[in-house]
Amino acid sequence: MQTIDIARRCAELNAVSDANNAYILAIHQGGLTQEERMEAAVYLLRMGGDYKVAYTQFVRLYNEGQFRAECLDVITGAFYTPNVKPMKNRYEKNCAALAKYPYLFRQDFPKFEDLPLRFYPFDDNGYLPFDPAEETFGEYVNFNHPVVSRNFFKNLDNPILAEDVYSQYELEYLNDNVRPSEDIGRENHLYLHYESWERFCAHLQVLNVRELLKQRKIIFLFGEELSRYPIDFKETYGIDYSQYPVKPIGVKDVHRLIWHTQLSSDNGGDFFNEVFDNHPNLICLPSVMMSNIEKAIRDSKETYEEADRRRAAGEKPTFKEELAAQSYWAGARADKDILVTLFMLNKEYMGGLDHASRICPALFFQPHFGGMHYDMNHDGRDRTVLFCDEYVKVRNSPVFKAFKYIKTFTPLRRFTTSAAATFRWQIEKRDLIAVTEEKGGVASDLAMDRALNRSFMIDPEDRLYKDSVLVRFEDGKTNPRATFTALAAFLDLPYTESMTYCSEKGVHDVETSEGNVIGFDTATVYRTYDDYATDEERAYIEFCLRDAYQFYGYDLHYYDGGAVDEAQIEKWVEGFTKINKFIALSWKNNVLSDATVSPDGNKRKLNEEEQEEILAELKEKHDKVRLRLAKRLMGSLYFVNKNGQPLRMMPKLELDPALLDEPIYH
């Protein structure tokens with residue numbers, strides 16, 4: 001019995017819920033005739049099934065030329081007609097506001113009924129555009145989708161000119177981030193050019209342009225009116241912007257955030273900070289601990305509260321820094337504003353900031369954690385759920401919630417290289433295995449940490465990752481021109497001379513951290529840190545992350561890519577000799593050497609045999625976890641968030657082949 005037959009039988013028995021589910025399953029399975037698809041869509045719509053499934057089938061059938069009159073009649077009556085009145089009202093209000101706007105040079109607004117596009121509401125966020133002349137429905141569009149889709153700010157030599165912008169989000173983004181002409185002492189209007197006047201007017205049903213007109217910052221141009229760009233305001237309107245002094249960038253001028261994420265340690269974060277240092281359109285610091293930022297924001301709030309108490313008592317508030325005083329008096333007291341203030345107080349990093357730029361700067365922020373600790377759980381359907389406490393802190397942070405415009409990029413370094421480099425840092429820099437009076441910490445199981453860490457997998461519905469990209473460290477080193485041209489374009493920044501070198505506080509090619517290579521030196525691309533990892537440890541990592549290796553273009557060097565059984569996993573885990581050695585030494589020298597017991601009531605230190613027993617138990621514990629993880633990942637690498645929604649790989653930054661200096665690294 002086929003699924004469609006089951007659906008019909010359930011419908012006959014008035015088992016509506018079961019029938020709805022069966023019809024949906026039949027549609028998803030495919031292979032239905034047009035008549036069966038129509039039958040399923042009609043039942044779902046009439047009987048309260050998933051209306052989106054029904055709606056989609058009606059639209060597809062219409063575009064295929066099947067049951068056109070019936071499909072259009074159903075979806076017009078169900079979805080368009082009930083919503084047409086608010087769209088008409090929006091259109092008329094937009095037209096009325098534009099009719100009085102001085103920088104729109106047309107007045108021939110079509111009647112609502114004559115517009116060349118209708119917009120059929122699909123859900124709370126988006127529409128399906130319908131072209132009556134072509135008799136076709138277009139793809140779903142969400143005009144508030146929080147993505148900046150192009151490099152609007154690639155060239156700042158002239159006023160910004162943008163073509164055919166129909167996204168409400170991008171229109172507001174441009175309006176918020178292009179600075180007023182009065183602030184920079186030169187003509188700096190935002191020019192929006194549309195090829196079709198009629199198509200622009202059609203979008204006034206679904207866009208809100210009235211708020212964008214208040215500052216009179218936008219110039220609307222249509223078709224051949226492009227020849228007016230740029231307008232000489234002194235000659236045309238008698239407005240001489242050169243008489244205005246440049247207004248320094250203020251805390252309230254910063255509207256967008258570039259989140260430089262920390263995937264894990266030794267992933268090239270410092271290198272990317274060095275490239276973006278001194279960029280004229282960034283307020284940029286090196287990595288800062290998230291805990292320190294949270295404390296600094298709390299301290300700033302306490303300072304402002306103390307200032308309030310002084311004012312209430314008739315006293316004059318005092319501040320250590322002029323910028324803090326300006327922020328206070330300007331009412332810039334939200335977490336976001338305080339963060340911007342804290343960044344700008346580091347004047348040694350602000351030397352490259354262009355206060356006369358055409359655009360507002362972005363805040364370049366890399367909140368750092370002691371480690372990114374991922375773990376895996378299993379839901380009721382035995383699906384693998386990823387979670388990370390550090391990411392939850394970022395997602396819940398008032399700072400991140402306050403920024404309307406967020407671009408996210410994540411540096412990635414080859415996993416085996418990054419893990420071994422981090423382990424080297426733990427051993428050499430933190431002296432975890434040295435026998436010293438001042439005890440250090442203990443080495444972590446970095447092979448496990450890296451195999452678990454899937455920070456590159458994102459929830460596509462997560463606000464922080466809707467506009468995100470992953471950048472390979474190796475590309476930045478071997479092909480810096482191609483990589484940072486592409487990254488600047490993604491971040492909607494100009495690719496400036498400051499991005500052609502590495503610096504700190506504007507000083508070129510400095511050792512920003514002990515042991516870091518200088519500038520674009522590729523030495524760290526090819527280091528394998530063999531003293532800190534065995535081939536078995538690295539094969540284990542590659543196996544657990546084999547999907548990421550393939551997606552991000554890394555060749556497998558230690559795992560051959562073939563089928564793996566439990567015996568192979570056990571063999572790999574037996575080969576964790578170097579990581580086990582360093583973990584044992586760190587425990588022995590920093591914990592067990594001072595540990596005491598009282599087996600007979602007399603306190604004494606652990607003897608050698610007792611220490612070895614504890615270390616053996618520790619190794620056994622690590623081995624069990626390693627085996628359990630790898631065996632779990634022997635099957636399909638499918639992961640979901642806590643709500644059961646599938647996760648996907650963060651998109652990889654794609655480079656222009658014409659700009660490559662070296663072959664792509666594998």
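This is a predicted model, so every value here is computed, not measured. Atom set for the values below is all heavy atoms of this structure, side chains included, hydrogens, waters and symmetry mates excluded.
- Looking only at distances, a side-chain donor or acceptor of Arg90 sits under 3.5 Å from a matching main-chain atom of Gln205.
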Take His189 and Glu187, measure what side-chain hydrogen bond (donor to acceptor under 3.5 Å, both in side chains) needs, and give me the verdict at the end.
CA-CA 6 Å; His189 284 78; Glu187 207 299 278; 2.4 Å; yes

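- The side chain to side chain contact (heavy atoms under 4.5 Å, CB included) test applied to Asn155 returns Asp157, not counting sequence neighbours.
- Relative orientation of the Phe271 and Phe473 rings is perpendicular, given thresholds of 30° and 60° on the angle between their planes.
- No donor-acceptor pair closer than 3.5 Å links the side chain of His145 to the backbone N or O of Val141.
- With sequence neighbours excluded, the residues that form a side chain to side chain contact (heavy atoms under 4.5 Å, CB included) with Ala356 are Val246, Asp354.
- Relative ring orientation between Phe222 and Trp197 is described as perpendicular, the plane-to-plane angle rising above 60° on a 0-90° scale split at 30° and 60°.
- A side-chain donor-acceptor contact under 3.5 Å links Arg413 to the backbone of Thr524.
- Inter-residue side-chain proximity for Phe200 and Leu98 is flagged as met; some heavy-atom pair is nearer than 4.5 Å.
- Remark: Tyr101 pairs with Tyr103, Phe220 by the ring-ring contact (aromatic ring centres under 6.0 Å, His included) rule, at least two apart or across chains.
- Residue pairs meeting the salt bridge (charged side-chain N to carboxylate O under 4.0 Å, His left out) criterion with at least one partner in residues 483-493, sequence neighbours excluded, do not occur; the list is empty.
- Minimum interatomic distance between Ser503 and Asp277 (heavy atoms only, all atoms of both residues): OG-OD2, 2.6 Å.
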For Asp308 and Arg333, run side chain to side chain contact (heavy atoms under 4.5 Å, CB included): C-alpha distance rounded to whole Å, both residues' side-chain angles, the deciding distance at 0.1 Å, then the answer.
CA-CA 12 Å; Asp308 288 341; Arg333 299 174 60 170; 2.7 Å; yes

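- Two residues are said to be in side-chain contact when any heavy atoms from C-beta on lie closer than 4.5 Å; Leu221 and Leu192 fail this criterion.
- The CD1 atom of Ile184 sits 12.0 Å away from the OG atom of Ser242 when rounded to the nearest 0.5 Å.
- Checking each of Asn267, Thr408, Thr410 against Thr261 for a side-chain hydrogen bond (donor to acceptor under 3.5 Å, both in side chains) leaves exactly one that passes, namely Thr410.
- A donor-acceptor pair is defined here as one N or O able to donate and one able to accept, closer than 3.5 Å; such a pair exists between the side chain of Asp164 and the backbone of Glu195.
- Looking at Glu172, its side chain never comes within 3.5 Å of a backbone N or O of Tyr169 through a donor-acceptor pair.
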Carefully, step by step, assess Arg186 and Tyr244 under the rule side-chain hydrogen bond (donor to acceptor under 3.5 Å, both in side chains).
CA-CA 8 Å; Arg186 54 179 167 158; Tyr244 293 94; over 6 Å; no

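- The backbone N or O of His355 lies less than 3.5 Å from a partner atom in the side chain of Arg179, making a donor-acceptor pair.
- Using modelled atom types, no side-chain atom of Thr500 and backbone atom of Thr496 make a donor-acceptor pair closer than 3.5 Å.
- The ring-ring contact (aromatic ring centres under 6.0 Å, His included) test applied to Phe387 returns no partner, not counting sequence neighbours.
- Between Trp259 and Val394 the shortest side-chain heavy-atom distance falls below 4.5 Å.
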Could you list the donor-acceptor pairs under 3.5 angstrom formed by side chains in residues 338-348, with sequence neighbours left out?
residue: Thr341; atom: OG1; partner: Ser327; partner atom: OG; Å: 2.9
residue: Thr341; atom: OG1; partner: Asp337; partner atom: O; Å: 2.8
residue: Asn346; atom: ND2; partner: Leu342; partner atom: O; Å: 2.9

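- Looking at every heavy atom in both residues, Gly506 comes nearest to Asn278 through CA-CG, 3.8 Å.
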As a quick check of understanding, evaluate side-chain hydrogen bond (donor to acceptor under 3.5 Å, both in side chains) for Asp459 and Asn641, giving each step before the final call.
CA-CA 7 Å; Asp459 178 352; Asn641 65 14; 2.7 Å; yes

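- In this structure, the side chains of Tyr191 and Pro230 come closer than 4.5 Å at one or more pairs of heavy atoms.
- With salt bridges taken as basic N to acidic carboxylate O contacts below 4.0 Å, none links Glu315 and Arg311.
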When you look at Ile218 and Leu174, which way does the side chain to side chain contact (heavy atoms under 4.5 Å, CB included) test go after all the steps?
CA-CA 9 Å; Ile218 299 173; Leu174 288 167; over 6 Å; no

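- Put simply, the side chain of Gln262 gets close to the backbone of Phe369: a donor and an acceptor are under 3.5 Å apart.
- In terms of the salt bridge (Lys or Arg N to Asp or Glu O under 4.0 Å) criterion, residue partners of Lys301 (sequence neighbours excluded) are, by chain and number, Asp335.
- Look at Asp389 and Lys393 and you find no salt bridge, because none of the NZ, NE, NH1 or NH2 atoms lies under 4.0 Å from a carboxylate O.
- No cation-pi contact links Lys652 to Phe551, judged by a cut-off of 6.0 Å to the six-membered ring centre and 45° from its axis.
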Apply ring-ring contact (aromatic ring centres under 6.0 Å, His included) to the pair Phe109 and Tyr91, showing each step before the final yes or no.
CA-CA 10 Å; Phe109 296 98; Tyr91 175 72; 7.3 Å; no

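- Proximity of the aromatic rings of Phe365 and Phe403 is defined here by a centroid distance below 6.0 angstrom, and this criterion is not met.
- Using the six-membered ring where Trp is involved, Tyr237 and Phe233 have ring planes that are tilted, between 30° and 60° apart.
- Contact of the Tyr194 side chain with the Glu225 side chain is not registered, since no non-hydrogen atoms from C-beta on lie closer than 4.5 Å.
- Contact of the His279 side chain with the Cys284 side chain is not registered, since no non-hydrogen atoms from C-beta on lie closer than 4.5 Å.
- Here the side chain of Asn94 pairs a donor or acceptor atom with the backbone of Val209 at under 3.5 angstrom.
- Partners of Ala658 by side chain to side chain contact (heavy atoms under 4.5 Å, CB included), not counting sequence neighbours, listed by chain and number: Asp656.
- Within the structure, side-chain hydrogen bond (donor to acceptor under 3.5 Å, both in side chains) pairs that include any residue of residues 465-487 comprise Lys407-Asp467, Glu461-Lys466, Arg472-Asp475, Glu474-Tyr554, Arg481-Asp661 (at least two apart or interchain).
- Within the structure, salt bridge (charged side-chain N to carboxylate O under 4.0 Å, His left out) pairs that include any residue of residues 226-243 comprise Lys234-Asp240 (at least two apart or interchain).
- For the residue pair Ser357 / Asn281, a side-chain donor-acceptor distance below 3.5 Å is found, with atom types taken as modelled.
- In plain terms, the two heavy atoms of Pro361 and Ile283 that are nearest each other are CG-CD1, 4.0 Å.
- Taking the six-membered ring where the residue is Trp, the centroids of Tyr166 and Phe143 are separated by 6.0 Å or more.
- Aromatic pair His255/Tyr405: centroids not less than 6.0 angstrom apart.
- Contact annotation: the side chain of Leu493 never approaches that of Phe153 to less than 4.5 Å [non-hydrogen atoms, C-beta and beyond].
- Between Leu464 and Arg395 there is a side-chain heavy-atom pair separated by less than 4.5 Å.
- Residues that satisfy the side chain to side chain donor-acceptor pair (under 3.5 Å) test with His193, not counting sequence neighbours, are Glu163.
- For Pro411, the side chain to side chain contact (heavy atoms under 4.5 Å, CB included) test picks out His260, Phe272, Phe409, with sequence neighbours left out.
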